[in-house]
Amino acid sequence: MHDIRKIRETPEAFDAGLKRRGAEALSARLLALDAERRALETRAQEIQAERNAAAKEIGARKSKGEDAEDLIEQVSKSKDAQAAAEAEAKAKGDELNTLLATIPNIPDADVPDGKDEHDNIEVRKWGVPAAFDFTPKDHVELGEALGQMDFERAAKMSGARFVLLTGQLARLERALAAFMLDVHTLENGYTEVNPPALVKDTALFGTGQLPKFADDLFHTVDDYWLIPTAEVPLTNIAADETVAESALPARFTAKTWCFRSEAGSAGKDTRGMIRQHQFTKVEMVSMVKPEESDAELERMTECAEGILQRLDLPYRTVALCTGDMGFGAAKTYDIEVWLPGQNTYREISSCSNCRDFQARRMNARFKRADGKKPEFVHTLNGSGLAVGRCLVAVLENYQNADGSITIPKALLPYMAGQEVIRPDA
RNA sequence: GGUGGGUUGGCAGAGUGGUUGAAUGCACCGGUCUUGAAAACCGGCAUGCGUGAAAGCGUAUCCAGGGUUCGAAUCCCUGACCCACCGCCA
């Protein structure tokens, strides 16, 4: 959500930012609504002030036992005019807010301009894809041959885009998530959270999924929404709160299921575990002071990359261009892991600085020690990592010629002594 | 799901429909006193919005939304949440 006062002050910069994202200039329309709203509000307040004064006078007269009928009659007349002005002001305000709520965040100055993912810029690359002396299989072939990854049975009960992991693969997924959580909590300073997976619409408005992207979400009949990412419950921890400066930075991590309708993705990544309606993800969220959010984005991205480094999975980090960034982000790094089965890098993490965009929507503030007015915090979120896709990466990168999977060293403590995953006996 | 009770400032807690943004206490900030501190005493102490160069002025806010009234923290209706008990339940 944007600050209308800031738009008032620098409308050109606002429109220029929208243009970089491929959106039309809106400041003129916003400022017209804003001016109308304020004029109507002032008029309503003037009428109200007169009525309040009259009501006081009536009270004063009555307490002295005097007659006040003339005033009562006079004041009654202004009632409709006031109600009308108030209603109009509210209508304009609603219109303004409705429009504001659908406007994406403005990209940072250093975000590369571009139309789509082809214009993203690689900022670094880590690791060297292994050379196989056989043709590497993709995770579907590997998992099904192991007899521990079953798309057909999942489809029987749930339809497309679900999977049933069993045995050692189910354990491997659990191991990955536990490993990530341990690193983030024990080494990276994040507090582990086990949050609700069903939330109200206000929470989704706060992080920016609503009102624009309802189609991407699952909605229950009794009006809950399934979270598409733990970013939603973790960031909303700060909603409607004003914390002390000393409480920042606040860092939270959670392993949750994420539920996405994938409404606009029909036909895309239909094979395998890459794009599912339900997947496990370990998420990181930070609330920081405005002057700290640039550094925090770098830090968070390093925390995510650290997981891949310790799993010895090759990856590259890209800076998203203006056209590929999410609604609430001012700057985003995607981390893409190497998948030998697809012979390409695929997104496994996305780390974003939302600045005060979400904080303003959910009213998340902090107060500096010097006692000045509360300010909005800056919020950041990043996957650390997408567990399902990480499982895919482990299978494809650690596969052996016979179809068995070597367990990455970092996961051995989580695998009950098992070093290699083989087909079920 | 049922019945009953509740929701007032940072906290606790008053508040006969009339000049109440709201008593009082605690906390907090400033001052007096003190070698220093404590105590005592004095004063201050909510937020949003509009307007204004500023001081200020106006307006709204006592869970939320409607209503009655010249006037609502106070009366009426609806809803949310909390607490207790009952039922059900991992």
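Every chain is numbered from 1, with letters handed out A, B, ... down the list of sequences.
There is no side-chain donor-acceptor pair under 3.5 Å between T166(A) and D150(A). A donor-acceptor contact closer than 3.5 angstrom is absent between the side chains of D201(A) and Y224(A). Side-chain polar atoms of T253(A) and E283(A) form no donor-acceptor pair below 3.5 angstrom.
For the contact set between residues 87-100 of chain A and RNA chain B, defined by any heavy atom under 4.0 Å, there are no members.
The nucleotide A90(B) finds no pairing partner, because no Watson-Crick or G-U wobble arrangement with both distances shorter than 3.5 Å includes it. The partner of A55(B), taking Watson-Crick or G-U wobble pairs whose two distances both stay under 3.5 Å, does not exist in any strand shown. The pairing partner recorded for U68(B) is none, the criterion being a Watson-Crick or G-U wobble arrangement whose two distances lie under 3.5 angstrom. Here A23(B) sits opposite no nucleotide as a Watson-Crick or G-U wobble pair (both hydrogen-bonding atom distances under 3.5 Å). For U47(B), the paired base is A60(B) (Watson-Crick or G-U wobble, both distances below 3.5 Å). Nucleotide G36(B): unpaired (no Watson-Crick or G-U wobble partner with both distances less than 3.5 Å). Shown here, U16(B) forms no base pair; nothing in the strands shown gives a Watson-Crick or G-U wobble contact with both key distances under 3.5 Å. Of all nucleotides present, none satisfies the Watson-Crick or G-U wobble test against A73(B) with each distance under 3.5 Å.
Residue R61(A) is the one, among Q48(A) and R61(A), whose nearest nucleotide of RNA chain B lies closer to the 5' end (criterion: closest heavy atom).
Comparing the C1' positions of U34(B) and A40(B) gives an interatomic distance of 12 Å, to the nearest angstrom. With both ends at atom P, the span from A90(B) to U3(B) equals 25 Å, rounded to whole Å. Atom P of C83(B) sits at a distance of 25 Å from the matching atom of C77(B), rounded to the whole Å. Look at the C1' atom in both U74(B) and U69(B): the space between them is 13 Å, to the nearest Å. Of the C1' atoms belonging to U8(B) and U47(B), the separation is 15 Å, rounded to the nearest Å. Annotation: U24(B) and C42(B) have their P atoms spaced 13 Å apart (nearest Å). Spacing of P atoms, A73(B) relative to U32(B), comes out at 40 Å, to the nearest Å. Remark: the separation of the C1' atoms in A27(B) and G44(B) is 14 Å, to the nearest Å.
Remark: side-chain polar atoms of T332(A) are not paired, donor with acceptor, to backbone N or O of M325(A) under 3.5 angstrom. Between the side chain of R251(A) and the backbone N or O of G189(A), no donor-acceptor pair lies under 3.5 Å. Judged by distance alone, the side chain of R43(A) and the main-chain N or O of R38(A) form no donor-acceptor pair under 3.5 Å.
Within the nucleic acid shown, R43(A) has no heavy atom closer than 4.0 Å to any nucleic acid atom. I58(A) comes within 4.0 angstrom of a nucleotide base, judged by non-hydrogen atoms across all strands. Backbone-only contact: A49(A) has heavy atoms under 4.0 Å from sugar-phosphate atoms and none from a base. Residue contacts for R5(A): at a heavy-atom cut-off of 4.0 Å it reaches the sugar-phosphate backbone alone, with no base atom in range.
If you take CG of D3(A) and P of G48(B), they are 13 Å apart, rounded to a whole angstrom. For the pair L71(A) CG and G18(B) C1', the computed distance is 14 Å after rounding to whole Å. Rounded to an integer number of Å, the gap from CD of E46(A) to P of U51(B) is 11 Å. If you take CD of Q45(A) and C1' of U59(B), they are 4 Å apart, rounded to a whole angstrom. F376(A) has its CZ atom 13 Å from the C1' atom of U47(B), to the nearest Å. The CD atom of E86(A) sits 14 Å away from the C1' atom of G66(B) (whole-angstrom rounding). The CZ-P distance, from R38(A) to G50(B), rounds to 7 Å in whole Å. For the pair E36(A) CD and C49(B) P, the interatomic distance rounds to 20 Å; values are reported in whole Å.
Under 4.0 Å is where a charged nitrogen must lie from a carboxylate oxygen, and between D15(A) and K19(A) no such pair does. Using a cutoff of 4.0 Å between basic side-chain nitrogens and carboxylate oxygens, R260(A) and D215(A) are not scored as salt-bridged.
Between R51(A) and G71(B), a side-chain N or O to OP1/OP2 separation shorter than 4.0 Å is present. Proximity of R8(A) to the phosphate of G50(B): a side-chain N or O atom is located under 4.0 Å from OP1 or OP2. Here N52(A) does not reach the OP1 or OP2 of G58(B): none of its side-chain N or O atoms lies under 4.0 Å away. Contact between the side-chain N/O atoms of R37(A) and the OP1/OP2 oxygens of G50(B) is found at a separation under 4.0 Å.
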Checklist entry - Could you go step by step and tell me if E152(A) and K156(A) meet the salt bridge (Lys or Arg N to Asp or Glu O under 4.0 Å) rule? => result CA-CA 6 Å; E152(A) 281 178 29; K156(A) 184 173 65 179; over 6 Å; no
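No N or O donor and acceptor, one from the side chain of E41(A) and one from the base of G50(B), sit under 3.5 Å apart.
Proximity of L411(A) to L176(A): side-chain heavy atoms (C-beta onward) are separated by under 4.5 Å at one or more points.
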